Amino acid sequence: MSTFGETLRRATSTLDGARRWIYVAYDQLHDAIGPLAEEPPEELGIVLIESRAKATRRRYHKQKLALVMTNMRHFALEQAERGVAVRYVDAGDGDYAATLRALHQELGAMRVMRPAELELRDELQPLLDDGVLEEVPHGGWLTTREDFAAIKGPPWRMDSFYRQVRKRTGVLMESGKPVGGKYSFDADNRERWDGDPPAPPLPTFEVDEVTQEVCELVERAFADHPGALRPEHLPATRDDAERLWAWALDECMVHFGPYEDAMSTKSTNLFHTRVSPLLNLHRLLPQRVVDDVLGAELPMNSKEGFVRQVLGWREFVRHVHEATDGFRDLDQNVLRGEVDLPPVFWGGKPSGLACLDRVVDDVWEEAYSHHITRLMILGNLGTLLGVSPRQLTDWFWVAYADAYDWVVEPNVLAMATYGVGELMTTKPYVAGSAYIAKMSDYCGSCAFHPKKTCPITRLYWDFLARNAERLDGNMRIAMPLRSLKKRSDEQRANDAEVGAWVREELAAGRELAPEGD
Ligand SMILES: Cc1cc2nc3c(=O)[nH]c(=O)nc-3n(C[C@H](O)[C@H](O)[C@H](O)COP(=O)(O)OP(=O)(O)OC[C@H]3O[C@@H](n4cnc5c(N)ncnc54)[C@H](O)[C@@H]3O)c2cc1C
Ligand code: SF4
């Protein structure tokens, strides 16, 4: 028996008596939400399921698999310590539904908080229909369907949703008006960062026997999954989650606002908090992090900037995903991107574009990169190249530790690639090298020169030319389209030629170099 199995057996051996059972999904690991928060622990039992079928549905980054499993196992031990009975099931290649049906014979009907992932909701629906499971509300969200319905749509806009929620909750509001005179301080979130103030080093966590065992399991059973496994960077226990959040609040938050959009080779996260993997597992609760930030002494651009991300964007994308059934019945490729994802995204072989290579390396090393690198390097490059939005989305889904369908699909399909058009964003988030050179130090180590030889600017013009008709009438992109019209036929032909060359070289896994190198 594993050390975890033996420790759990010992911790639960004295827990007897009749129990009301709850199935706790892999991303609902908190006892301050749902029935675990409301009922006495000695009357409750929880079922947790590790499923290889789920873990191999995609080739998830090893760090993500380890993160989920070690948190589930530690949560099981923490609940046993509180007196909650625990059934921790290794379902092997079995899925959640079959495992729960089998348990139903013995434990009777179980409650489950409404799953966040559509994939899991779909799988469990027949069990809800048959009375094996009973759904109860998920207590971990900050906003309601009514908040979302109030903004009308589609199309939906995050700004309207955020305003609605600020007004309804009174967060950062004074006498019905936004604190500081405006709802968003976005314009104060765009400073470049050149190393000062220094970015805080990442916290590390004790690798206990449970985490060690999980890491060995991942290396053994998921050996063909990509990504580096870094056990010391796995927050695993409730205390680790607290420590990560204390680090974010004390070390990152004061500079979070001004440098939110900056990118650097010197730090993967700069002043970003890295809390998304734990927020999405509900190891940290969004209400708690928002409350702490509201109560802290912080500049307004940091305070409002963070609240906008968690109370605004995070909740908004979840509602859009649910309201559209994961975009299932929509055209998910409005710009007709049909290019296969180039092999450079899988790491190992550089593209010669220093910005892309750097972020790809970061992701395979850490299962993380911050928002602007996701949007303006990976998403931007994918969109400019005309990569299939579905392929890019699926890549993000396996590569990042915080990726689940409800959050990765809106962010990639809808926001980064404009795959579903104007449904939740007003324009494609595309840019040439000027933006990257302004907001990062990547160009300093690149064989290309951002103003002279960088192919990304050519790709940008080529993208606009290829999509001019589809984007015609979109006021947010009207200015670049007007500039496109001023480009000579020769320039346009050159843009298309460079675009074709980049696509061909990247598809073949060859490294790009400036002419003459
Ligand atoms: C192409 C692309 C893919 C993304 N994929 C994911 C994903 O799979 N999972 C995920 O959680 N986030 C995703 N995001 C949103 C965002 O990039 C990450 O939440 C953030 O980078 C996480 O790092 P952090 O905790 O250091 O964030 P911080 O910058 O410190 O922000 C604080 C928190 O705000 C929330 N947040 C901010 N923006 C968003 C957003 N657009 N959607 C949802 N939550 C947001 C997150 O919970 C984050 O932890 C994606 C964004 C883009 C552009
Ligand atoms: S020069 Fe171009 S390719 Fe190189 S890092 Fe800068 S933006 Fe990226």
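The model shown is predicted, which means the values in this text are computed figures rather than measured ones. One-based numbering, in listed order, for ligands and for the atoms of each.
Counting only non-hydrogen atoms, the option in Gly312, Ala403, Ala401 that gets closest to atom 8 (O) of ligand 1 is Ala403. The heavy atom nearest to atom 33 (C) of ligand 1, considering only Leu270, Val289, Val310, is found in Val310. Considering each of His272, Arg308, Met253, His371, the one bringing a non-hydrogen atom nearest atom 29 (O) of ligand 1 is His272. For atom 38 (N) of ligand 1, the candidate residues are Glu260, Gln309, Glu409; the nearest heavy-atom contact is made by Gln309.
With respect to Arg238 and Asp31, a salt bridge is recorded, a charged nitrogen being found less than 4.0 Å from a carboxylate O. Ion pairing between Arg163 and Asp159 fails under the 4.0 Å rule for side-chain N and carboxylate O. With respect to the salt-bridge test (charged N to carboxylate O, under 4.0 angstrom), the residues Arg390 and Glu338 do not qualify. Arg274 has a carboxylate O that lies under 4.0 Å from a charged side-chain N of Glu366, or vice versa, which qualifies the two as a salt bridge. Here Glu119 pairs with Arg58 in a salt bridge; the nearest charged N to carboxylate O distance falls below 4.0 Å. Ion pairing between a basic and an acidic side chain is recognised when a charged N comes within 4.0 Å of a carboxylate O; Glu123 and Arg57 show such pairing.
Of all protein heavy atoms, the one lying nearest to atom 41 (N) of ligand 1 is Asn411 OD1, 2.8 Å. At the top of the distance list for atom 24 (P) of ligand 1, counting protein heavy atoms only, stands Arg274 N, 3.5 Å. Scanning the protein for heavy atoms near atom 5 (N) of ligand 1, the closest one is Arg374 NH1, 3.4 Å. Residue, atom and distance of the protein heavy atom nearest to atom 23 (O) of ligand 1 are Tyr368 CE1, 3.3 Å. Among all protein heavy atoms, the one lying closest to atom 27 (O) of ligand 1 is Thr273 OG1, 4.1 Å. In terms of protein heavy atoms, atom 22 (C) of ligand 1 is closest to Ser276 OG, 3.1 Å. Here the protein heavy atom with the shortest distance to atom 8 (Fe) of ligand 2 is Cys355 SG, 2.4 Å. Given atom 1 (S) of ligand 2, the protein heavy atom at minimum distance is Phe448 O, 3.6 Å.
The closest side-chain heavy-atom distance from Val68 to Tyr60 is not below 4.5 Å. A heavy-atom distance below 4.5 Å is found between the side chains of Val171 and Leu294. Side-chain contact check for Pro235 versus Arg243: every heavy-atom pair is 4.5 Å or farther apart. Counting heavy atoms from C-beta on, the side chains of Leu512 and Trp501 come closer than 4.5 Å.
Residue Asp402 has at least one N or O atom closer than 3.5 Å to an N or O atom of ligand 1. Ligand 1 has no N or O atom lying under 3.5 Å from any N or O atom of Trp313, backbone or side chain. Geometrically, ligand 1 and Val407 share no nitrogen or oxygen pair separated by less than 3.5 Å.
Checked by atom type and distance alone, the side chain of Asn474 pairs as donor or acceptor with a backbone atom of Thr426 at under 3.5 Å. Judged purely by atom type and a 3.5 angstrom limit, Arg503 uses its side chain to pair as donor or acceptor with the backbone of Leu385.
The closest approach between any non-hydrogen atom of Ala437 and ligand 2 is not below 4.0 Å. At least one heavy atom of Phe306 sits closer than 4.0 Å to an atom of ligand 1. In this structure, Trp397 does not count as a contact residue of ligand 1, since none of its heavy atoms falls inside 4.0 Å of the ligand.
Of all heavy-atom pairs between Ala236 and Thr211, the closest is CB-OG1, 3.5 Å. Of all non-hydrogen atoms in Ile436 and Ile456, the two that sit nearest each other are CD1-CD1, 4.1 Å. Of all the heavy atoms in Pro428 and Leu335, the pair that sits closest is CG-CD1, 4.5 Å.
The Cys446 neighbourhood of ligand 2 comprises atoms 1 (S), 3 (S), 4 (Fe), 5 (S), with distances under 4.0 Å to a heavy atom of that residue. Atoms of ligand 1 lying under 4.0 Å from any heavy atom of Val412, numbered from 1 in the order shown and given with element: 1 (C), 3 (C). Atoms of ligand 1 lying under 4.0 Å from any heavy atom of Asn280, numbered from 1 in the order shown and given with element: 9 (N), 10 (C), 11 (O). Using a 4.0 Å cut-off to heavy atoms of Leu353, the atoms of ligand 2 that qualify are 3 (S). Each of the following atoms of ligand 2 lies closer than 4.0 Å to a heavy atom of Ser433: 7 (S). Each of the atoms 53 (C) of ligand 1 lies under 4.0 Å from some heavy atom of Leu375.
Within the 2.8 Å limit, Cys443 places at least one N, O or S atom next to atom 6 (Fe) of ligand 2. Here Cys454 meets the criterion, with an N, O or S atom under 2.8 Å of atom 2 (Fe) of ligand 2.
Contacts between Asn269 and ligand 1, counted as non-hydrogen atom pairs separated by less than 4.0 Å, are absent for every part of the residue. Both the backbone and the side chain of Val408 come within contact range of ligand 1, each with a heavy atom under 4.0 Å. Residue-level proximity to ligand 1 for Ala416 is carried by the side chain, the only part with a heavy atom below 4.0 angstrom. Residue Phe256 touches ligand 1 through its side chain alone, judged by heavy-atom distances below 4.0 Å. The proximity of His370 to ligand 1, defined as any non-hydrogen pair under 4.0 Å, is limited to the backbone.
A distance of 12.5 Å separates CZ of Arg145 from CG of Asp147, quoted to the nearest 0.5 Å.
Remark: Arg157 fails to qualify as a cation-pi partner of Phe316 under the 6.0 Å distance and 45° angle criteria applied to the six-membered ring.
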Does Asp331 form a salt bridge (Lys or Arg N to Asp or Glu O under 4.0 Å) with Arg336? I'd like the steps, not just the answer.
CA-CA 10 Å; Asp331 178 359; Arg336 301 286 162 254; 2.8 Å; yes
